[in-house]
Amino acid sequence: MKKISVLSIVLLVLLSCSSDDTQSNSSNNEQANKLSVGVSANDLLSDTSFSSLVVELVYVEGFEPSETAVNNFVAFLEARTDKPNGITVEKRAIASPGQSPYSNEEITVIEDANRTLYNNNSQIAVWAFFADGESESNTDTGVVLGTAYRNTSFVIYQETIEDLTSGTFTNTTPILESTVITHEFGHILGLTNLGSALQSSHEDADHPKHCDVDSCLMYWQAETGGGAMGMISGGTIPQLDAQCIADLQANGGK
Ligand SMILES: [Zn+2]
Ligand SMILES: [Zn+2]
């Protein structure tokens, strides 16, 4: 259990550190995409400020997410966000930054060096990075599969996911990829109690910013190695429970 709290602390530190990013000297447009996780939940969920959404999906060569996982991610966005002018994915590869294991700060620097899409008048932009190597926060008993670290940015540790799922009898890689991608994006949509206000009491007191329903996509174990493998053992991707969906709907989502 000790390692579990380490992972939770890592997430909290990440969330609390993201305001430091606003110190850089990029344009105002870019600054709008360098805020804390959860602050753009309403902009992403509703069509009030942005009627379309683009995902800039960048992966390290050799660590492209499966087409199934990308399709599942788009389906998740279409189900929960109100974007009448559409959701698109722009995908490309970059060479390995060669810095694994990655610290959260390194992940942020990689984004700043490679990200090209920021919010414009009516379109909100999201950065999704699929890393080689692993998180620096991994321990012998717990591995980090992904992290949401800014209001429109998340990283998926694709190599870690592939290592965990290789050699399984059925092809569980797309299931685990889909689980971690949608879990991290759930944080960016303000779950749980992270920008989309609780409509009922379901935040996990022991794992803040997570749902206390153990079958919900926003259960804390969905982003840690052993826990996520347990959650997908039935061969299906965990879904948001009714309480998490209610929080999103109350904040402009579907
Ligand atoms: Zn989480
Ligand atoms: Zn939930």
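Atoms within each ligand, like the ligands themselves, are counted from 1 in listed order. Positions are given from 1 along the sequence.
- Looking at heavy atoms from C-beta onward, Pro97 lies in side-chain contact with Val60 at the 4.5 angstrom threshold.
- Of all N/O/S atoms in His210, NE2 sits nearest the Zn ion (ligand 1).
- Ring geometry for Trp127 versus Phe129: interplanar angle under 30°, hence parallel rather than tilted (30 to 60°).
- Using a cut-off of 2.8 Å, one finds that Cys244 contributes an N/O/S atom close to the Zn ion (ligand 2).
- Rounding to the nearest 0.5 angstrom, the gap separating the CD atom in Glu223 from the OG1 atom in Thr147 is 6.5 Å.
- Between Glu56 and Arg92 there is a salt bridge, with a side-chain nitrogen of the basic residue lying less than 4.0 Å from a carboxylate oxygen of the acidic one.
- Among the backbone and side-chain atoms of Asp241, an N/O/S atom is found under 2.8 Å from the Zn ion (ligand 2).
- In the model, Arg80 has no side-chain atom that pairs as donor or acceptor with a side-chain atom of Thr182 under 3.5 Å.
- Of all the N, O or S atoms in His183, the one closest to the Zn ion (ligand 1) is NE2.
- For Glu223, the N, O or S atom closest to the Zn ion (ligand 1) goes by the atom name OE2.
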